[in-house]
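Order of the sequence lines sets the chain letters (A, B, ...), proteins ahead of strands, with each chain counted from 1. Values below: every heavy atom of this structure, side chains too, minus hydrogens, waters and symmetry copies.
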There are 2 protein chains.
Amino acid sequence: MKVLRETIVSTARELFRSKGYSGASMNDLADAVGLKKSSLYVRFPNKEALVPAVLDLTLQETFGQRDLGSRQWDVEFIEVIELIAATLIDRGRCVGLHLAYGTSDDTPIAKDAVRAFFQAHRDHLSSILSRVMPVDVARDIATDTLARLEGATAFVAIFGEKDAMKRAVRLSIEEAQKAAETESLV
Amino acid sequence: MKVLRETIVSTARELFRSKGYSGASMNDLADAVGLKKSSLYVRFPNKEALVPAVLDLTLQETFGQRDLGSRQWDVEFIEVIELIAATLIDRGRCVGLHLAYGTSDDTPIAKDAVRAFFQAHRDHLSSILSRVMPVDVARDIATDTLARLEGATAFVAIFGEKDAMKRAVRLSIEEAQKAAETESLV
DNA sequence: GTCTATAGAAAGATAGAC
DNA sequence: GTCTATCTTTCTATAGAC
C-alpha cells in the first residue's frame with residue numbers, strides 16, 4: 001500500500017531528532033513507516049535528501065499558516081516563541097540542533113538546509129520585532145531568543161526539566177518589550 | 001610505541017565533538033592516535049566507556065585546579081564562564097551537548113556521564129553564586145547561564161557567529177551581579 | 001601493549017521482478 | 001511503488017601471535 005511522503009518525512013524527523021543524522025538508519029525509517037528500505041530510495045535519492053524535507057516540513061508547521069502583520073507585534077512574537085517552546089518541551093530535543101551538530105562538510109546539502117532552517121527562524125522573529133525597533137536590535141534579540149530556547153532545551157533533554165524553558169520564554173518576552181519601549185521613547 | 005591514555009581520551013573528545021557518539025568510529029580514533037583499532041580495546045572495554053573518560057577530562061580542565069573561595073565571587077564566576085565561552089567559540093561546538101543529544105537508553109553509561117557532566121557544571125556555578133544569594137536563586141541563574149552559553153554555541157556551530165556568545169557572557173554576568181545586589185539589600 | 005586477522009552485524013545504496 | 005535479493009563498505013568487538 002502506498003505510503004504518504006509526509007509520513008516518511010515526519011517519521012524521519014522523529015528519528016533524526018532522537019538519534020541524530022548518523023544514528024538514524026534508512027532501515028529504521030523503513031520499518032517505522034512500514035516499507036522496505038529499498039522503497040525509500042524511490043522517493044528520496046539518498047539519506048541526505050531527507051534533511052531538507054524534514055526541516056522544510058518543520059518550518060511550514062511553525063510559520064506556515066501565519067498571517068504576518070495582522071495583529072499586534074507582541075501578540076505574534078509571544079505566540080510564535082510559545083509554540084516553539086511547547087514543541088521543544090514536548091519532543092525533548094530540537095531536531096534542527098541535532099542535525100546542526102550531526103552534519104558537516106561531508107553532507108553539504110544537509111548543512112545548507114540547517115543554515116536555512118535557523119536563518120528562517122531568525123528572519124521571522126526579526127521581522128516581527130523590527131516593526132517596533134531598529135533592525136539591528138531586532139536581529140540581536142531574535143538571535144538571543146532562539147539561543148535561549150535552544151539552551152533551555154538542553155536541560156529538557158538531559159534532566160527532563162521544564163523550568164529553564166519557562167524562564168527562557170518569559171525573559172525573552174520581557175527583553176523584547178523593554179527594547180520596544182526604549183525605542184518608542186526616542 | 002605506547003600511546004598515552006590522555007592522548008586517546010582527548011582525541012576521542014574531538015571526534016565526539018565533531019561527529020557525535022554514533023558518528024565517531026573506533027577506527028577513526030585509532031587512526032588519529034596512531035594505533036590499530038584492536039589496541040584501543042586494551043584500554044577501554046568498548047566505545048561507550050570513552051564517554052565518561054572524555055567528560056571527566058573536560059571537567060578536570062574546566063574546574064580542576066581552581067581554588068574555590070579564595071577570591072571575590074564575581075571574579076571567579078566571570079573567570080569560569082569566560083573560560084567555558086572561549087572553549088566553545090574555539091571548538092565551535094560543545095562536546096557535552098553533542099553527547100547529550102547522541103546518547104540514549106541504549107547507552108546508559110554514557111547517558112549517566114552526560115548528566116553528571118552538566119550537573120557538575122551547574123553545581124560549580126551555583127556554589128559560587130550562593131555565596132551572595134539564596135541557593136534557589138543561585139541554581140536558576142547557574143542554569144540560565146549554562147543554557148545561554150549552550151544556545152549561543154549553536155550560532156557558532158551553524159553560522160560561525162561569535163556575537164551571540166559575547167552577549168550571553170555579558171548578560172549572564174549582569175544578571176548575576178543584579179541578583180547579588182538585590183539580595184544584599186534585603 | 002600492539003599487531004594481524006577475522007568474526008558477525010549493520011550500514012547506504014542498487015538491480016530487477018512484479 | 002513495493003518487493004526480494006544482493007553488493008560493498010563500515011561498524012563494534014574478539015582471538016591469538018609477538
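A residue-by-residue look at B/Ser38 and A/Ser22 shows that B/Ser38 has its nearest nucleotide of DNA chain C further toward the 5' end. For the pair A/Pro45 and A/Gly23, nearest-nucleotide mapping onto DNA chain C gives the more 5' position to A/Gly23.
Atom-to-atom, CZ of A/Phe44 to C1' of C/dG12 comes out at 16 Å; the value is rounded to the nearest Å. Computed from coordinates, the B/Lys37 NZ to C/dG8 P distance equals 15 Å when rounded to whole Å. Across the protein-nucleic acid pair, B/Tyr41 atom OH and C/dT4 atom C1' stand 16 Å apart, rounded to whole Å.
Among the nucleotides C/dT14, C/dA11, C/dG12, the one closest to any side-chain atom of A/Asp28 is C/dA11.
Stacking of B/Arg122 on the aromatic ring of A/Phe155 is not recorded, the 6.0 Å distance cut-off and the 45° axial limit not both being met.
Using a 4.0 Å heavy-atom criterion, one finds that A/Ala30 contacts no nucleic acid atom at all. B/Ser39 comes within contact range of at least one nucleobase, with a heavy-atom separation under 4.0 Å. Base contact: B/Lys36 has a heavy atom under 4.0 Å from a base atom.
Within the 4.5 Å cutoff, side-chain heavy atoms of B/Trp73 are placed close to those of B/Gln177. No side-chain heavy atom of B/Phe16 sits under 4.5 Å from any side-chain heavy atom of B/Arg93.
For A/Glu174, the CD atom counts as densely surrounded, since its 6.0 Å shell holds more than 12 non-hydrogen atoms of other residues, nucleotides or ligands.
Along DNA chain D, the stretch of nucleotides lying under 4.0 Å from any heavy atom of chain A spans, 5' to 3', D/dG1 to D/dT4.
In this structure, CG in A/Leu40 is found 12.0 Å from NZ in A/Lys47, a value given to the nearest 0.5 Å.
Considering every non-hydrogen atom in both A/His98 and A/Ser18, the closest pair reads CE1-O, 3.9 Å.
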